[in-house]
K.L.:
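Can you keep this structure in mind? I'll have questions shortly.
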Protein chains: 2
Amino acid sequence: MKGPKISEAVVRRLPIYLRYLNELALSEVQTVSSQALGQKLDLNPAQIRKDLAYFGEFGKKGIGYDVGYLIEKIRHILKLDQMIHVALVGAGNLGQALSNYNKYLQDNMKIVCIFDASPAKIGTTINNIEVQPIGALQQVVQEMGVRVGIITVPASEAQNVANRFVQAGVEAILNFAPAILKVPSEVRVHYADFTTELHSLAYYLD
Amino acid sequence: MKGPKISEAVVRRLPIYLRYLNELALSEVQTVSSQALGQKLDLNPAQIRKDLAYFGEFGKKGIGYDVGYLIEKIRHILKLDQMIHVALVGAGNLGQALSNYNKYLQDNMKIVCIFDASPAKIGTTINNIEVQPIGALQQVVQEMGVRVGIITVPASEAQNVANRFVQAGVEAILNFAPAILKVPSEVRVHYADFTTELHSLAYYLD
DNA sequence: TAGATTGTTAATCGATTAACAATC
DNA sequence: TAGATTGTTAATCGATTAACAATC
């Protein structure tokens, strides 16, 4: 919004900062330096200072960063100072596992509806959420104000689900299926493909 | 091995190429150009050519890349031309979901053993694999020739599990727990944290 | 004041993209 | 031959790191 475009690399680090800051807050640590953060998170302190400086002057020279204040600021930057509703399509094993993560998403984001194509799944309940037919996606997503979609269906179905999400006005998608999605440029897609991850790890074996 | 150090960005794209090439092979496509690959995978064709050229001259000018040959080459580069044994620690929902992915890992990698700390889980069977106590990790990992470890335990346990993996001689770790691991530099760690991923997505909401 | 640490500029490093000769 | 496409060099772009004045 202000001026300089923020790189994806920076945005990806912010949640990592946030996570550790939350730990510090729990331990009632008041203040932390970029040095200490860097040590804990395996990052260069200059990089951390620069990342934060894109968004404002959050620290105090000679002192460091106030933990509570920085948490507040990062949550605001990440738009996590509001509740964000998430939909999940694919009630298989992975979908079920992810829907258990609601507790870790804290009060920032929440999976509020789950869809599946299989009649055997529809009507069952996962974490107090009733699985609904995919045909209901558009209506439910709009009614519940869902802004983020998660795809945990087989690769062959992923593009179809993405289309439905886009149609329903979802703004961002997290895709666990091993497939590249084609979506309008205003919709943000991130990929979380377990097999790709493992395969690239193999490269580093001796 | 040859000379130029390959960047992580390049290594991360190789499995994506491989995945699509496998699809092409299934459709009995003989040949593919960097142009066509780029279109499908949302990547710059020059980047694809450059990535591949780090490892050899795999294409034919005027023609493109032979699909079968390129698959063979990439599998070799990624060390996926041998079976790689994987261990998983944490038989919770996510661990169970991942162990189902064995079929997608094809004949390159295989989860061969599963561990958990909870007495309730030990002795149960997931996908024909008996869950074993964490105390057995070192011995089993060595006996079975496990080279890669997956961590799907709570964050508070992750470092402990990582230490055990390192101790047992595992060469690479895929960590799903929301924690930064401290391991010797010769052990490669990749992170796959679902909550971090979702939180960074939130930034791109309007 | 002395010591610590930020915010920021400049320097370095690395990755992506464009362009094109080579050649199938 | 004409058209297509690679491999590779050069140009561009972007991200990381070092350094240091400002200042708590």
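Labels below follow one simple rule: chain letters A, B, ... track the order of the sequence lines, proteins then strands, and each chain is numbered from 1.
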K.L.:
Between P on C:dT6 and CD on A:Gln47, what's the gap in Å once rounded to a whole number?
P.N.:
14 Å

K.L.:
For B:Lys110, check side-chain hydrogen bond (donor to acceptor under 3.5 Å, both in side chains) against everything at least two apart and list the hits.
P.N.:
none

K.L.:
Tell me: OH of A:Tyr54 to C1' of C:dT8, nearest whole Å?
P.N.:
11 Å

K.L.:
Under the rule for side-chain hydrogen bond (donor to acceptor under 3.5 Å, both in side chains), what residues qualify as partners of B:Asn127, not counting sequence neighbours?
P.N.:
B:Asn100

K.L.:
How would you list all residue pairs meeting salt bridge (charged side-chain N to carboxylate O under 4.0 Å, His left out) that involve residues 136-156 of chain B, not counting sequence neighbours?
P.N.:
B:Arg147-B:Glu171

K.L.:
Which pairs with one or both residues in residues 53-75 of chain B pass salt bridge (charged side-chain N to carboxylate O under 4.0 Å, His left out), sequence neighbours excluded?
P.N.:
B:Arg75-B:Asp107

K.L.:
Can you run down the salt bridge (charged side-chain N to carboxylate O under 4.0 Å, His left out) pairs that involve residues 180-198 of chain A, sequence neighbours left out, and say none if there aren't any?
P.N.:
A:Glu8-A:Arg188, A:Lys182-B:Asp42, A:Asp193-B:Arg19, A:Glu197-B:Arg12

K.L.:
Sequence neighbours excluded, which residues qualify as side-chain hydrogen bond (donor to acceptor under 3.5 Å, both in side chains) partners of A:Asn163?
P.N.:
A:Gln159

K.L.:
B:Val166: what forms a side chain to side chain contact (heavy atoms under 4.5 Å, CB included) with it, not counting sequence neighbours?
P.N.:
B:Val183, B:Pro184, B:Val187

K.L.:
Would you find more than 12 non-hydrogen atoms of other residues, nucleotides or ligands less than 6.0 Å from A:Gln142 atom CD?
P.N.:
yes

K.L.:
Using the criterion of both pairing distances under 3.5 Å for Watson-Crick and G-U wobble pairs, give all stems of 3 or more consecutive pairs involving DNA chain D.
P.N.:
C:3-24 with D:3-24

K.L.:
Report yes if the side chains of B:Asn160 and B:Ile134 come closer than 4.5 Å at any heavy-atom pair, otherwise no.
P.N.:
no

K.L.:
For a quick check of understanding: with a heavy-atom distance under 4.0 Å over all strands, which category does B:Glu57 fall into, base, sugar-phosphate or nothing?
P.N.:
sugar-phosphate

K.L.:
Check the distance between D:dT16's C1' and A:Leu43's CG and give it to me in whole angstrom.
P.N.:
11 Å

K.L.:
Scan residues 23-39 of chain B for pairs that pass salt bridge (charged side-chain N to carboxylate O under 4.0 Å, His left out), counting only residues two or more places apart or in two chains.
P.N.:
none

K.L.:
If only side-chain N and O atoms of A:Ser7 are considered, is one of them under 4.0 Å from the OP1 or OP2 phosphate oxygen of D:dA15?
P.N.:
yes

K.L.:
Figure out the CD/P separation between A:Gln30 and D:dC24, and round it to whole Å.
P.N.:
20 Å

K.L.:
Protein-nucleotides 1-5 of chain D N/O pairs closer than 3.5 Å?
P.N.:
residue : atom : partner : partner atom : Å
D:dT5   : O4'  : B:Gly62 : N            : 3.2
D:dT5   : O2   : B:Gly62 : N            : 3.1

K.L.:
With sequence neighbours left out, which residue pairs that include part of residues 84-114 of chain B fulfil the ring pair (Phe, Tyr, Trp, His ring centres under 6.0 Å) condition?
P.N.:
A:Phe194-B:Tyr101, B:Tyr101-B:Tyr104

K.L.:
Output the rounded distance in Å from CD (A:Glu8) to P (C:dT16).
P.N.:
12 Å

K.L.:
In whole angstrom, give the distance that lies between atom CG of A:Asn44 and atom P of C:dG14.
P.N.:
14 Å

K.L.:
In this structure, how many angstroms lie between the C1' atom of D:dA19 and the NZ atom of A:Lys50, rounded?
P.N.:
14 Å

K.L.:
Using a strict heavy-atom distance below 4.0 Å, which residues from residues 9-19 of chain A are in contact with DNA chain C?
P.N.:
none

K.L.:
Rounding to an integer number of Å, can you tell me how far B:Ile48 CD1 sits from C:dT16 C1'?
P.N.:
12 Å

